[in-house]
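See structure below.
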Amino acid sequence: MERRGFLKAGTAGFASLMTGTGLLSWSPRSQAATISKTFYITAGTQTMPDGVSVYVKGFSDSSADLNVPATPIICQEGDTLSITVINRLAMTHNFVIGGLAAGDPPLASTGDIPAGGSGSLTYTIPTGKAGSYLFYDNKTSYNTFLGLHGGLAIMPAGKTDELYSGSPKFTKQLFWVFNDIDPALNRAVQQGTAIPTSFTPRYFTINGLTSLPPGATGHGDTTRDALYDPRTQLEGYAGVDRTLMRILNAGMCSHAVHTHANHMEWLTDRGTVRPQVWKKDTLYLRNQLGKIDAIFPFDAPPDAHPPVTTGHFPMHLHDEMSQTAGGGMYQFGAMTEIVFK
Ligand SMILES: [Cu+2]
């Protein structure tokens, strides 16, 4: 049992889990800068849509917050990341950024951060590293699933509208960070008992939330419902709001990311630029640190008759269990809305 820094985030406190600010905002600079960020490793409970309270850990903005996933970081090539991580818990943790530094695996890392102590990471981003990255805790095989993860966006220097130099352009960008929760694992970590050898996910989240469909308590609440969370929902005008989704998978399950209304322009898989941009309505997101980047073009939906330019459509995962909670509550899983205004 970890005693220090334990936060209770029941239904009323749920908003403290999501202090996100919606879309990633970015102003390019002609000069490189140092991006300083302090995270606090905190723990607490999060109430799932079936009322079950699950123990989670997060890289949080303050010792009084519990952010799952962490607030994203956005910067540009040439910048220096200066990350400080303060461990408020009674176990050793760490903070790594996957796919960034040289090495195998290519990790930028704080190294071990002792209980009650702090660690730091300084890394100057070379040219050619523009893209989407997951930062996480790999001190154990399961810390990432507990909630210790978040997204890092690296822009090409001086650019506002490209994923990498010369990529198809976008006007908006956001993260979709997926995770799966097996409450038995989280409970074992909380209680200090043996870590289960099997993983049976019962909750599936996008940016820390599940869908709360019409009729459910919390439906439409932008702080609780993944359908309406401004960090997650795609919203725009046809022909205008091309939106980049930086899609990261912190969890154990692979997923099939599926959009209605438009096909997505598939730009990268696991950090590698695809040789051609394919238009797909379903994208394979690998498990355990899988990542893809794609643009939702906000074209007028081509298959609609009579033609439409407004309306609501879903993004849901095409693996059916991910659309449930608690072993069967359908449409309480990882999905969001696509709103043509
Ligand atoms: Cu569908």
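Atoms within each ligand, like the ligands themselves, are counted from 1 in listed order.
- Comment: Arg286 engages Asp269 in a salt bridge, judged by a side-chain N to carboxylate O separation of less than 4.0 angstrom.
- Ordered by chain and number, His260 NE2, His316 NE2 make up the set of protein N, O or S atoms under 2.8 Å of the Cu ion (ligand 1).
- Using cut-offs of 30° and 60° for the angle between ring planes, the Phe340 and Phe313 rings count as perpendicular.
- Residues Glu265 and Lys280 are not paired through a salt bridge, judged by the lack of any N-O separation under 4.0 Å between the basic side chain and the carboxylate.
- Checked against the 6.0 Å centroid criterion, the rings of Tyr133 and Phe135 do not qualify as a close aromatic pair.
- A salt bridge links Lys139 to Asp112: at least one charged side-chain nitrogen sits closer than 4.0 Å to a carboxylate oxygen.
- Note: His255 and Phe178 have tilted aromatic rings, judged against thresholds of 30 and 60 degrees for the angle between ring planes.
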